[in-house]
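Shown next, in structure tokens, is the structure this report addresses.
Letters A, B, ... are given to chains in the order of the sequence lines, protein chains preceding strands, and every chain is numbered from 1. Any value given below was found using the heavy atoms of this structure, including those in side chains, with hydrogens, waters and symmetry copies removed.
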Amino acid sequence: MEIASWNVNSIKARMHAVTDWLKSAKPDVACLQEIKTVDDAFPFMEIEALGYNVEVHGQKSYNGVAILSKYPIEDVSRGLPILGSEDEVDDQARYIEAIISSDVGPVRVASIYLPNGNPVYDGSEFHYKYQYKLRWMERLATRAERLLGFEEPLVLAGDYNVIPDAKDTHDPAGWTGDAAFRPETHAAFQKLLNLGLTEAFEQMDGRAGQYTFWDYQAGAWQNNNGIRIDHLVLSAQAADKITALRIDKMVRDGKKPSDHVPIVGIFNF
DNA sequence: ATGGTTGCGTAGCAA
């Protein structure tokens, strides 16, 4: 089974790129982020015509996540509970989770759009946006801890807005102090992994200079001034089954590209 | 170069 993650930066602006990629890559499951539309305006028909079931957690103008799957999608939940609550969520559509009911057994998958978090400071205090990012990472860890209790294949796929290490950016000095590359962000990401999760790229490859995002500005793509912020985070039951992780960077050369490219995990289940 | 680009929505925010 191939499970992918892609921040498309608006599904409506990206339909040509998305359908082209779905037709050629043919992932079994694709987790999309930043669809930037409400559910009612999502292009269900065009994507279902390619053989996918679709579940969406949309929002007007910003954010928005979706799960596409060639297999049935069950037990869908939208939004990440706020701390201290079972089911109360906030109004930013950044999380959708479901069971993929495949013929080789169930896999739980989440499509995650972790807050960017910039700017970091507001005067001498952390800006509310960075506080929101750190708090959201705590909420994700709380949810992950609960899901790990089920001891099943689990793939938390998405745009984490976290550069795990200096080797994951072309310009470490330039990213110093950014919300994606701060010690507090690294600590929160490590705390998530310490629950017993594996970041797939680190397990499968780990090489420096493999990026998933290049800014639209200042010729970042042409200069390979990229960062690796899109990740597949796996339970042991999924990490034991992954055989490869691919970054479809050729998509960045397409017409009207997203600033992110798809990542694809290949699992032998 | 305190810049640069894209998307949403039609001004200014978010990334």
Next on the checklist: Checking side-chain polar atoms at under 3.5 Å, does A/Glu152 have a donor or acceptor matched by the opposite partner on A/Ser235?
Outcome noted: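 A/Ser235 and A/Glu152 do not have a side-chain donor-acceptor pair below 3.5 Å.
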Checklist entry - Without hydrogens or angle criteria, can the side chains of A/Ser77 and A/Tyr95 be said to hold a donor-acceptor pair below 3.5 Å? => result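 No, A/Tyr95 and A/Ser77 have no side-chain donor paired with an acceptor closer than 3.5 Å.
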Next on the checklist: Assuming nearest nucleotide by heavy-atom distance, tell me which of A/Ser10 and A/Tyr113 is located more 5' along DNA chain B.
Outcome noted: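 Result: A/Ser10.
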Checklist entry - Which nucleotide of DNA chain B is the first, and which the last, in the 5' to 3' direction, to come under 4.0 Å of a heavy atom belonging to chain A? => result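 Boundary nucleotides touching chain A, in 5' to 3' order, are B/dG4 to B/dA15.
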Next on the checklist: Under 4.0 Å, heavy atoms only, any strand: does A/Arg252 hit a base, just the sugar-phosphate, or nothing?
Outcome noted: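 No contact.
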Next on the checklist: What's A/Phe213 touching, base or sugar-phosphate or nothing? Going by heavy atoms closer than 4.0 Å.
Outcome noted: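 No contact.
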Checklist entry - Taking the six-membered ring for Trp, are A/His127 and A/Tyr132 ring centroids under 6.0 Å apart? => result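 No.
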Checklist entry - Taking the inter-plane angle between the rings of A/Tyr130 and A/Phe126 on a 0 to 90° scale, is it parallel (under 30°), tilted (30 to 60°) or perpendicular (over 60°)? => result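 Perpendicular, since the angle between the ring planes exceeds 60°.
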Item to check | Parallel, tilted or perpendicular: rings of A/His170 and A/Tyr211 (30°, 60°) | outcome: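 Because their plane-to-plane angle is over 60°, the rings of A/Tyr211 and A/His170 count as perpendicular.
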Checklist entry - Within the distance-only criterion (no hydrogens, no angle test), does the side chain of A/Glu55 pair as donor or acceptor with the backbone N or O of A/Ala98 below 3.5 angstrom? => result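 No.
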Checklist entry - If only atom types and distance count, is the side chain of A/Arg94 paired as donor or acceptor with the main-chain N or O of A/Val65 below 3.5 Å? => result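 Between the backbone of A/Val65 and the side chain of A/Arg94 there is no qualifying donor-acceptor contact (under 3.5 Å).
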Item to check | Contact summary for A/Lys133 and A/Asn161, nearest pair of heavy atoms | outcome: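 Here A/Lys133 and A/Asn161 meet closest at NZ-O, 2.6 Å.
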Please measure how far the [atom1] atom in [N] lies from the corresponding atom in [M], and state the result in whole Å.
N      : M     : atom1 : value
B/dG3  : B/dC8 : C1'   : 23 Å
B/dG4  : B/dG9 : P     : 25 Å
B/dA11 : B/dT6 : C1'   : 16 Å
B/dG12 : B/dA1 : P     : 28 Å

Checklist entry - Which residues in residues 253-263 of chain A have at least one heavy atom lying under 4.0 Å from any atom of DNA chain B? => result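 DNA chain B contact set from residues 253-263 of chain A: A/Lys256.
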Item to check | Residues touching DNA chain B, which here means a heavy atom under 4.0 Å, drawn from residues 172-189 of chain A | outcome: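 Residues of residues 172-189 of chain A under 4.0 Å from DNA chain B: none.
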Item to check | Within residues 220-246 of chain A or reaching into it, pairs that qualify as ring-ring contact (aromatic ring centres under 6.0 Å, His included) - sequence neighbours excluded | outcome: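 Found A/Tyr160-A/His231, A/Phe189-A/His231, A/Trp214-A/Trp221.
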Next on the checklist: Please enumerate all residues that pass side-chain hydrogen bond (donor to acceptor under 3.5 Å, both in side chains) together with A/Asn225, with sequence neighbours excluded.
Outcome noted: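 If we apply the side-chain hydrogen bond (donor to acceptor under 3.5 Å, both in side chains) test to A/Asn225, skipping adjacent residues, there are no hits.
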Side-chain donor/acceptor pairs under 3.5 Å, residues 35-44 of chain A, sequence neighbours excluded:
from    : atom 1 : to      : atom 2 : distance (Å)
A/Lys36 : NZ     : A/Asn9  : OD1    : 2.9
A/Asp39 : OD1    : A/Gly58 : N      : 2.6

